[in-house]
Structure formats: structure tokens, C-alpha cells
There are 2 protein chains.
Amino acid sequence: MRTHTKSSIRGAQPASVSLDLVICAPAGRQLSVLLVPSAEGSREKWTLPWGWSVAGVQPDDGALKIATTALGAKPSWITQVVATGDEKRHPAGASISVGYVAVTAARERALGEGAVWFPSQHLPAMAPRHVALVAAAAEALRVRLDTAPIAFRLLPPTFTLSELQEVYELLLGRSVHKASFRRSLQAVWLVEPTDEWRSEGRGRPAQLFRYAPRKRRGNRRGVRFDLLD
Amino acid sequence: MRTHTKSSIRGAQPASVSLDLVICAPAGRQLSVLLVPSAEGSREKWTLPWGWSVAGVQPDDGALKIATTALGAKPSWITQVVATGDEKRHPAGASISVGYVAVTAARERALGEGAVWFPSQHLPAMAPRHVALVAAAAEALRVRLDTAPIAFRLLPPTFTLSELQEVYELLLGRSVHKASFRRSLQAVWLVEPTDEWRSEGRGRPAQLFRYAPRKRRGNRRGVRFDLLD
DNA sequence: GAAATAGTGTCTCTTAGACACTATTTC
DNA sequence: GAAATAGTGTCTAAGAGACACTATTTC
């Protein structure tokens, strides 16, 4: 039978597997993405944080570690997006790449060595596989926005409802009706008010809220037909 | 250093990557899953159709080929579900497995060698990684049901609206209101009637419809908060 | 006619969005 | 007071589900 290293399995062709991360944070009305300098001799100057998948370490754990190194702190949410092995070039030539998207509230962290935030709409040249992954990551955030607390993980522990709405608008790529947004939010008991208010200089101060989900289900949406194909 | 295959990339640890497929078809009120006999000496008798990822072949293409071999025909829809490398055992010990879910309408195909349909609720013992993948696949179908024509790919080219509704109920795991279902369906112009009717023996014959999407967008759903976490 | 299945009309309740308004701050 | 932002009340239209009904078949 086989020996104990996983790569010696009969019939298996060894592959180089990379873990590649799209780490996002809100920056005003834009989403920013964390990039790191490419290795010496690379075609592009910048790259998404990435690393090789290591035997004995689960890809999800490896990805979390890479994210934590690049960010200087654990991201507040992370999920797998896709595994690709297409002709699009990976910066180090990985045959297969597992892509992740991570989010964090803080842009003012002690970032890892050389890491820099770039606005997602104006990213520098990157390897094609990373360009595709950024698009897939944005789509993944959008799709899961209503079933995972992504927006809340992009904000600090307390936030105003206007800030929350801005995050939704950022990720959805469209504006949202204010009164309707707040009614929906109230109906599902996801946030609770604190006794603090924040004044941004102009206008009435906004009350701060915190994420405190209280309701479990009761939700049941009707059948929707939103087919694109 | 190592030799010239893709696994020779500096710093990369070679991994064995499997492609594993959950191929589904409707069987009455149940969903069935296609299994194949395990290789000699395996702990379990049955396994999901799978194969090694081969250098130079994109995983998605490789998965399609494996599905086609097992099924005896191309599946009508396929998508990636997840990449796992956790402690759960793969039948051949793959270090990393990329899981796919595929659907087809036909159970009466010329199936590949030894392949057998099993009801998804009563699967035989399988390797833990495959058990987990079946659950993830079912969830993926459910989540994408409203944005991809999955239900239509699980049916033959013409079908009755009751059949379509049954597929939705099967995948959603709940019953659906008949009149409301049909109204919604009509509103989005996804099907068109044929001039054929089918009599199932008892009761009024049902008109046959075909999938013929005509509407492009106009859809815009409001912000939903369906958080589970 | 009874049973079974297909298909529809009407009512109610929920909700998304429009609109307009009030409230509280800085200047 | 003007400008700016926060927050709310009301109306309308769409849609989901309940209910009850009609339609067409086999037995």
C-alpha cells in the first residue's frame, strides 16, 4: 500500500496548491483590498497575500494564518470562494489555487510587512488569477450578505445605522432605501442600541448600535426566480 | 530542487488533489445520488465518483469528465462546491479534495461501469469526506436554486408544473404553495406552454411546459436579513 | 357520482419603496 | 435661519399564502 506522505499516493499526480486571499475593509465609500509586494523577479509589483498549502495543515487554517500575518490581526470573517486551476497565471505558478475572501473593520492595524490597502476599484496590475479572484470574492460577499453577518464584521463593535447602510450599499453596489432598510433591520432583531451617540460635526448625532442578534428564524422566504442564465 | 513538473515550484509542497462529485437526479419524491464501487481493499464498498486532478487539466474540466464517465452522459448542470483538506478521510487519501455537485434529469441512462443510484436519504457507508460533501452539495443546490436553473436541469425538456414544483419542494425540503408558486413563475416568464398534455392515469391531464426564459432582470430584491449566525 | 389531480379567483397580510415629514446638530 | 444629517409616519403596490372554487380525467 502506501507510505505516509500524502503526495506518494498511487496514481496521484502531485500538484502545487496555493491559498490566495482577498482581504477587504471599508474605506469611506469604497472597499479596500490588502496587497503585499511581490517576490523578487515577479512580473507584477503587487500581489494578493498568498502562501502554499502545507501538508498536514487544513487549507482553511492555512488561509487564516496567511490572512493574520498580512493583516497583523485575525480577520473578523473569512470564507472560501473558489478553487481554480485554469490557464490564468498565478504569481508563483501554482497549479491549483484556493481562493478566500476575508473581511475586517480596521484599516488602522499594525499591518504585516509591506502590506498596503488599495481601493478595490483601482488596483494595480496583478497576476490574472488574482484579478479574477478579486472579482469572485466581491461576488461572494454580495451573495452571502443576507445570510452571513458580513456587513457587521466590516464595522467596529458599535456603529451607526447610516454606517451599516453604507456598507450594504458598498457591497450591493446600489443604493438602499433608508426607512425600509431600518424597518427590515428592526424586524429581525439583529442590532440593539447603545446609550451612546456620535456627532460627526454636521447634522444631528447618530445613535450607536451593536450587533446583537436575538431572533432565530421564523424567517421563511417564498420561492424566488432570479435566474440570470 | 526537484524536477520539471509543476510540483517543482520552489517552496511548494506537492499535494494530491482529488475531484469528487455528487451527481444528483430526482427519483420520485427523493433525490438520488450516483455512487460507484470502491477500489479493491477500500474500507467502504461505495464511493462518490472521483478522480485525481491531472496536471494541465483544469479541475472544472476534469470534474466534468469524471461526471460524464460515471453517468454515461454529460450532466446538465455542474458547479464547484468546496475545497476541503480537513482530517476527514478521503477514500484514496487525497490531501485536498475539490467537491462538485452535478445534476441530470435522466435516471435511465447508460450508466458508467458499476454506477448505481442511491436515494440521498439512505446512502451506504462512505468515507467521511464524501459524507460531508454530500451534505455540502445539497446545501449548495438549495442556496443556488433561485439564481441558477437547477430545477429545470433536473427535469426533462418538457415537464408539468406539478413536476417542477415537486423538484423545488425536494430541494428546499419544504412544501410550496401551489397557486403562489405558479403566479411567481408566470411573472418571470421562465417557462412557456407546449401544446401537449400528459395524463398520469388519474385526474385531469397536465399541460407540458418547457424552460424558455424570456425576461432579463427588472428583478431587484430588497435587503434581506436571514442571518443564521 | 366519487376520487384524484390540474388549474384559478379572491382575500388578507406583509413588506419594499416613495414621499414627506420631524428632530437635532453646526454654521 | 440655512444646511446637514438622523430618524419616522403614512400611503401604495407587489407578492406570498390561505381558502375555496372550477376543470378534467379514471374508476
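Proteins get letters first, then strands, A, B, ... in listed order; numbering begins at 1 in each.
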Parallel, tilted or perpendicular, as decided by the 30° and 60° cut-offs, for the rings of A:Phe225 and B:Tyr168: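 Ring orientation of B:Tyr168 relative to A:Phe225: perpendicular.
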
Those residues that, when tested against A:Thr47, pass side-chain contact (heavy atoms from CB on, under 4.5 Å) (two or more places apart):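 Result, side-chain contact (heavy atoms from CB on, under 4.5 Å) vs A:Thr47: A:Val36, A:Ser38, A:Trp50, A:Pro91, A:His130.
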
Set of residues satisfying side-chain contact (heavy atoms from CB on, under 4.5 Å) with respect to A:Pro157, sequence neighbours excluded: none

Selection: residues 168-180 of chain B, any non-hydrogen atom under 4.0 Å of DNA chain D: B:His177, B:Ser180

Covered region of DNA chain C, 5' end to 3' end, by chain B [heavy atoms, under 4.0 Å]: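 The contacted stretch runs from C:dA4 to C:dG17.
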
Donor + acceptor pair across side chains of B:Glu87, A:Gln58 (<3.5 Å):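 A pair is found: one side chain offers a donor N or O, the other an acceptor, under 3.5 Å apart.
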
Residue pair B:Arg129 / B:Ser97, side-chain donor-acceptor N/O under 3.5 Å: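 Judged by distance alone, the side chains do pair up.
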
Pairing residues for A:Arg89 by the salt bridge (charged side-chain N to carboxylate O under 4.0 Å, His left out) criterion, not counting sequence neighbours: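 Once residues adjacent in sequence are excluded, the partners of A:Arg89 under the salt bridge (charged side-chain N to carboxylate O under 4.0 Å, His left out) criterion are A:Glu44.
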
Heavy atoms of other groups near A:Arg202 CZ, more than 12 under 6.0 Å: no

Within 6.0 Å of CH2 in B:Trp197, more than 12 heavy atoms from elsewhere: yes

Check ion pair B:Glu139-B:Arg144 (N to O, under 4.0 angstrom): no

Any donor-acceptor N/O pair under 3.5 Å between D:dG17 base and B:Arg183 side chain: yes

Involving DNA chain D, stems made of at least three consecutive Watson-Crick or G-U pairs, both distances under 3.5 Å: C:1-27 with D:1-27

Euclidean distance, atom CZ of residue B:Arg224 to atom P of D:dG15 [Å, nearest integer]: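 Roughly 14 Å, once rounded to whole Å.
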
Derivation and outcome, salt bridge (charged side-chain N to carboxylate O under 4.0 Å, His left out), residues B:Glu166 and B:Arg29: CA-CA 7 Å; B:Glu166 275 172 32; B:Arg29 301 269 171 178; 3.4 Å; yes

Qualifying residue, where the test is side chain to side chain donor-acceptor pair (under 3.5 Å) with B:Tyr100 and the options are B:Thr79, B:Asp60, B:Asp20: B:Asp60

Along DNA chain C (nearest heavy atom to each residue), the more 5'-positioned of A:Ser184 and B:Leu161: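 Between the two, 5'-proximity favours B:Leu161.
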
Sugar-phosphate, base or nothing in reach of A:Glu200, heavy atoms under 4.0 Å: nothing

Sugar-phosphate only, base, or nothing, as touched by A:Thr160 at under 4.0 Å among non-hydrogen atoms: nothing

Residue closer to the 5' end of DNA chain D, B:Pro205 versus A:Ala206 (nearest nucleotide): A:Ala206

